[in-house]
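We number each residue from 1, following the sequence as shown. No hydrogens, no waters, no symmetry mates; every other heavy atom, side chains included, goes into these values.
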Amino acid sequence: MREFGFELSLCARLERAGGIVARQLGGAVHAPGSRILDVVHVEPGPAFDERAAITAERIPGPAIEADVSAGKARYWKDAFDLHPDRTRAIVDRAVEIGFFERERRGGREYVRRTTRYPDWFSTITAIENKPDLSSPGDLERQLRFDVSLGLVDEVVLATESYVTRAHLNRLPEEVGVWRFVDGEREVVREPTALSPGEWGVELGDRHPLRTDVSFVSPAEKARKRRRIAERAYGKGWRVEPPSCVRGSIDEVAGSSVPYCTHYDRIVNPGECGTSCPGYEPGEAPDADLEAERDRKTGWVADPAGRRRRQVGLDRF
């Protein structure tokens, strides 16, 4: 199976087992774009329902980290240590999704949270997809990056290939290995728990005689973990089907995935277009992916929210 189809199939099966699943999230701290995690599984904690009641959207990290409480309104510029333009965008977004509310006093804008932000998740597992181990690419370095940084609780390699002792010896021993064949998972090696609460080492650029590194504090990792969890909550893993007459919806583990009847396989809609010999513009097939996610997981598509109505707030 191609890597994209393998990834969606894996996401569908992980979601069926519970938790929040998302694809393609940044997994570095000091150089955010230097490491992209294929799949992230977030295990909900006891306060998950409180988080689900706030908003279906991702809450911006700076809004969570801002010096803004639910009990007292604060002048919006004083709550952030950011450029005013960036602060304005964050405040507007936080208000739009119902995490902040604002009021005016003497011509100045003040903000407060509509509710406290709960500690809603427990463990985070990063899963690297490599269906064909005969073409590993930069797999070993990617996994060493994850283990060295220790940002997530567990790291797993998922593959279709038969896993030999030689394959295992080339991987960091902390990395678990899952083999998926015909939808069934074989645990080849259990992952070893990492230490997100301790200092980590983020691997940087490679040079002939050295590799640049940076040290990442427990506080930095905690902030990044929260942002990963929030991104996963807001984004999910589902993909809209292609706008092509040969585009359709298939089911994997009871979840909808984009399918192409021309190639007879799961496809990445982002790669559909005029360069494909089977492409013919058409309406995308109906697929209510938000309703499906709402129905199958603890994520809530249209929560009641926590917004309180302030006296006189409707005047602004």
If you look only at distance, which donor and acceptor atoms sit under 3.5 Å apart when one is on a side chain in residues 169-183 and the other is two or more places apart or in another chain?
unit_1, atom_1, unit_2, atom_2, d
N169, ND2, R165, O, 3.3
R179, NE, E160, O, 3.1
R179, NE, S161, O, 2.9

Self-check item: Electrostatic pair E230-R227, nearest N-O below 4.0 angstrom
Solution: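 No, this pair does not count.
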
Practice problem: Using a strict 4.0 Å threshold on nitrogen-to-oxygen distance, state whether E128 and R35 make a salt bridge. | Solution: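 Answer for the salt bridge query: yes.
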
Where [X] and [Y] come nearest, the two heavy atoms and their spacing:
X	Y	value
V155	L194	CG2-CD1, 3.8 Å
R105	E103	NE-OE2, 3.1 Å
V111	F100	CB-CD2, 4.3 Å
R104	G107	NH1-O, 3.8 Å
T115	F99	O-CE1, 4.1 Å
S34	A31	OG-O, 2.6 Å

Any residue meeting salt bridge (Lys or Arg N to Asp or Glu O under 4.0 Å) with [X], in chain and number order, not counting sequence neighbours:
X	result
D92	R88, R102
R293	none
R16	none
D38	none

Quiz item: Judged by atom type as modelled, is there a donor-acceptor pair below 3.5 Å linking the side chain of H41 to the main-chain atoms of G18?
Solution: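 Side chain of H41 to backbone of G18, a donor-acceptor pair under 3.5 Å: yes, one is there.
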
Quiz item: Rounded to the nearest 0.5 Å, how far apart are NE2 of H167 and OG of S134?
Solution: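 Between H167 NE2 and S134 OG, I get 7.5 Å after rounding to 0.5 Å.
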
Quiz item: Atom CZ in F6, atom CD1 in I266: separation rounded to 0.5 Å?
Solution: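 The CZ atom of F6 sits 11.0 Å away from the CD1 atom of I266.
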
Is there a side-chain contact between [X] and [Y], using heavy atoms and a 4.5 Å cut-off?
X	Y	result
I59	I54	yes
L157	L133	yes
K224	I228	yes
E202	F215	no
D294	V300	yes
T125	D153	no
L10	I127	yes
P196	V152	no

Would you list the atom pairs, donor with acceptor, under 3.5 Å between side chains in residues 136-145 and any protein atom, with sequence neighbours excluded?
unit_1, atom_1, unit_2, atom_2, d
D138, OD2, R206, NH2, 3.4
E140, OE2, R144, NE, 3.2
E140, OE2, R144, NH2, 3.3
R141, NH2, G204, O, 2.5

Quiz item: Does R2 count as lying over the ring of F4, i.e. NZ or CZ under 6.0 Å from the six-ring centre, within 45 degrees of the axis?
Solution: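 The answer is no; the distance or angle limit is not met.
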
Considering residues at least two apart in sequence or located in another chain, which fulfil the side chain to side chain contact (heavy atoms under 4.5 Å, CB included) criterion with [X]?
X	value
A291	D288
P46	none
S122	E43

Self-check item: Sequence neighbours excluded, every pair satisfying side chain to side chain donor-acceptor pair (under 3.5 Å) that has a member inside residues 184-200
Solution: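 Every candidate side chain to side chain donor-acceptor pair (under 3.5 Å) pair involving residues 184-200 fails, so no pair, neighbours aside, qualifies.
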
What pairs of donor and acceptor atoms, side-chain ones from residues 233-258 against any protein atom, are under 3.5 angstrom apart with sequence neighbours left out?
unit_1, atom_1, unit_2, atom_2, d
K235, NZ, R23, O, 2.9
K235, NZ, Q24, O, 3.3
W237, NE1, E15, OE2, 3.0
R238, NE, E292, OE2, 2.7
R238, NH1, E15, OE1, 3.3
R238, NH1, E15, OE2, 2.9
R238, NH2, E15, OE1, 2.6
R238, NH2, S255, OG, 3.4
R238, NH2, E292, OE2, 3.4
R246, NH1, G278, O, 2.6
S256, OG, E292, OE1, 2.8

Going by atom type alone, with no hydrogens or angles, which donor-acceptor pairs under 3.5 Å involve a side-chain atom of residues 71-84 and a protein atom two or more places apart or on another chain?
unit_1, atom_1, unit_2, atom_2, d
R74, NH1, D67, O, 3.3
R74, NH1, D67, OD2, 2.4
R74, NH2, D78, O, 3.3
H83, ND1, D85, N, 3.0

Self-check item: Y117 and R51: CA distance, side-chain angles, deciding distance, side-chain contact (heavy atoms from CB on, under 4.5 Å) verdict
Solution: CA-CA 7 Å; Y117 182 80; R51 169 62 187 88; 4.2 Å; yes

Self-check item: Side-chain donor-acceptor pair present, N129, E7, cut-off under 3.5 Å
Solution: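 Note: N129 and E7 side chains meet the donor-acceptor criterion.
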
Quiz item: Between K130 and D132, is a salt bridge (charged side-chain N to carboxylate O under 4.0 Å, His left out) present by the stated rule, with each step listed?
Solution: CA-CA 6 Å; K130 191 61 64 174; D132 183 4; over 6 Å; no

